[in-house]
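All values below come from the heavy atoms of this structure, side chains included, with hydrogens, waters and symmetry mates left out.
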Amino acid sequence: MAKYTVAVAGATGYAGGEALRILAAHPNFEVTCVAGHSSVGDKLGKHMPHIPQLADLVVEDTTPEVLNGHDVIILALPHGASGALASKLDANAVVVDLGADHRLEERSAWDEFYGGDFYEHWTYGMPELITGTSADGSYVRQREALPGSKRIAGPGCNVTATTLALQPAWPGPDRAERHRGRSGGRLLRCRKNLKRTNLLAAEAFGSALPYSVGGTHRHIPEILQNFAHAAGKQASAAEGFTLGFTPILVPMARGILASVSARLTDKALGMSDAEIRQVWLDAYAGQDFMVVLPEGVMPATANIIGSNAAHIQVAVDHNAGRLLAFAAIDNLNRGTAGQAVQSLNVALGLPEDAGLTKIGVAP
């Protein structure tokens with residue numbers, strides 16, 4: 001059985017910790033290095049007591065010298081940090097960036113929503129992303145671009161939920177005409193940064209709070225980029241799509257529920273609910289981590305916690321003339337570390353589901 005050594009930078013953060021939790025039980029990966037910043041010199045068990053297999057690893061400084069020499073390097077760092085580090089990493093290692101530095105293809109989008117140095121786009125790590133349709137009408141997916149890739153950009157968690165909810169509406173000229181229109185998303189999620197206004201327990205419990213309102217959230221250009229690709233277009237075509245996106249912070253440790261709506265064209269209004277639902281069933285047929293729920297069953301975040309699954313539903317509001325699509329994911333697993341491991345599996349020729357599960361831990 002193939003075995004690969006793994007170094008994880010940002011190991012004591014939420015994303016890095018989730019990557020370690022998954023890797024600790026993966027049959028093909030062995031974590032041999034953990035790196036951090038303020039935690040340097042500590043044993044990992046001090047920060048990640050829920051992963052006893054790795055408790056005795058000592059957190060090292062996040063430098064190229066520490067990270068190089070491993071088969072796989074996972075960067076769970078703030079945006080800007082991984083881009084500056086990546087050029088110094090071993091060209092033969094498979095590097096996965098869980099941050100934003102290598103997701104966007106257009107410099108203009110980066111400049112508008114992030115700013116600072118723009119880094120080259122890496123192979124996008126969302127295997128189920130639809131990137132168009134082939135001549136025979138079958139779906140083309142991002143999975144096909146991953147085998148052998150040495151540099152992988154992990155998608156944003158909000159991006160993952162919104163993309164998976166709505167992307168079946170876009171591929172091919174026929175389907176695109178059925179559902180094309182302005183879309184909006186509302187997401188429930190957790191964050192780590194401590195801000196008294198919304199994250200202390202006394203401020204957050206029993207409350208919901210919108211943030212990054214008015215089209216300012218940094219995941220917007222990435223969502224539009226995905227929709228452009230789902231329609232079989234280049235990232236530059238994202239300017240032709242519109243998105244109203246308002247994330248909502250709620251007091252739960254994990255989970256995103258995306259509620260997305262899109263205007264139905266006259267052609268789509270003539271379709272039955274069953275015909276529209278079939279588009280989603282066809283789009284996710286054979287995609288093991290994508291679960292289109294039975295008709296009328298709505299996704300719930302409690303059902304996907306701890307898993308790499310996405311629970312998806314679609315409905316139609318005939319009075320409003322709008323399509324309603326929903327996706328529930330675990331933002332740290334499917335939205336970050338689980339999806340990264342899934343992409344690593346594909347890149348290295350391993351079983352795509354190795355070390356992963358679509359079974360949640362409800363209740």
Side-chain angles (χ1 to χ4, degrees), residues 126 128 130 156-170 175 178-179 181-190 206-210 219 223 226-227 230 243-264 268-269 271-336 338-339 357-363:
M126 186 186 292
E128 297 90 352
I130 298 169
C157 54
N158 292 319
V159 178
T160 298
T162 306
T163 298
L164 296 177
L166 193 62
Q167 70 166 347
W170 301 102
R175 290 192 178 94
R178 289 175 181 173
H179 302 293
R182 183 177 184 278
S183 64
R186 293 181 299 165
L187 293 97
L188 313 181
R189 63 163 306 190
C190 74
S207 181
L209 178 73
H219 285 176
I223 296 170
N226 285 354
F227 287 163
L243 176 72
F245 177 80
T246 302
I248 299 174
L249 183 74
V250 298
M252 60 186 188
R254 288 178 180 243
I256 292 179
L257 174 65
S259 173
V260 190
S261 70
R263 180 181 59 83
L264 291 169
L269 289 170
M271 297 172 64
S272 69
D273 289 8
E275 288 174 320
I276 290 177
R277 176 177 171 77
Q278 191 62 45
V279 173
W280 266 251
L281 292 170
D282 291 344
Y284 289 126
Q287 307 301 304
D288 288 344
F289 291 112
M290 303 294 101
V291 181
V292 180
L293 297 173
E295 186 174 0
V297 178
M298 290 294 113
T301 56
N303 296 328
I304 47 75
I305 298 304
S307 83
N308 193 50
H311 284 193
I312 296 164
Q313 188 55 277
V314 62
V316 180
D317 184 336
H318 292 281
N319 291 328
R322 299 192 72 82
L323 175 83
L324 306 175
F326 306 89
I329 66 168
D330 181 328
N331 54 304
L332 290 176
N333 198 308
R334 175 73 230 191
T336 309
Q339 191 163 223
T357 181
K358 63 179 179 180
I359 302 172
V361 294

> Side chain to side chain contact (heavy atoms under 4.5 Å, CB included) between D273 and H318: does it pass, once the steps are laid out?
CA-CA 10 Å; D273 289 8; H318 292 281; 2.7 Å; yes

> Below 4.5 Å, heavy atoms only, C-beta onward: do S259 and L324 meet side chain to side chain?
no

> For the residue pair T162 and F227, establish whether any side-chain heavy-atom pair is separated by less than 4.5 Å.
yes

> So do N158 and F245 actually touch side chain to side chain, heavy atoms under 4.5 Å?
yes

> Nearest 0.5 Å, please: how far is CD1 in I130 from CD in Q167?
4.0 Å

> Identify the two heavy atoms, one from S207 and one from P251, that lie closest to each other, and give their separation to 0.1 Å.
O-CD, 3.0 Å

> If you count every heavy atom of other residues, nucleotides or ligands that lies below 6.0 Å from L281 atom CG, does the total exceed 12?
yes

> Could you tell me whether the side chain of W280 and the main chain of A169 form a donor-acceptor pair under 3.5 Å?
no

> Decide if atom CD of Q278 counts as having more than 12 heavy atoms of other residues, nucleotides or ligands within a radius under 6.0 Å.
yes

> To the closest 0.5 Å, what do you measure between CD (Q287) and CD1 (I312)?
10.0 Å

> Indicate yes or no: at least one non-hydrogen side-chain atom of I359 is less than 4.5 angstrom from one of S307.
no

> Working to the nearest 0.5 Å, report the span between CD of E128 and OG1 of T163.
11.5 Å

> What pair of heavy atoms forms the shortest contact from G321 to L269, and how long is it?
CA-CD2, 3.9 Å

> Do T160 and R334 make a side-chain contact, defined as non-hydrogen atoms from C-beta onward lying under 4.5 Å apart?
yes

> Kindly compute the distance separating CG (D330) from NE2 (H311), expressed to the nearest 0.5 Å.
11.5 Å

> Look up atom CD in Q313 and atom CZ in R277, then write down how far apart they are to the nearest 0.5 Å.
5.0 Å

> Side chains of M126 and L164: closer than 4.5 Å at any heavy-atom pair?
yes

> Taking all non-hydrogen atoms of both residues into account, name the closest pair between P210 and T246 and its distance.
CB-CG2, 4.0 Å

> Specify the closest pair of heavy atoms between I256 and A161, including all atoms of both residues, with the distance to one decimal.
CG2-CB, 3.7 Å

> For the CG atom of L243 and the CD1 atom of I223, what is their distance to the nearest 0.5 Å?
5.0 Å

> Within the 4.5 Å heavy-atom criterion, are L323 and L166 side-chain neighbours or not?
yes

> Measure across V279 and P168 and return the closest heavy-atom pair with its distance rounded to 0.1 Å.
CG1-O, 3.4 Å

> Identify the heavy atoms of A362 and N303 that sit nearest to each other, and give their distance.
CB-OD1, 3.6 Å

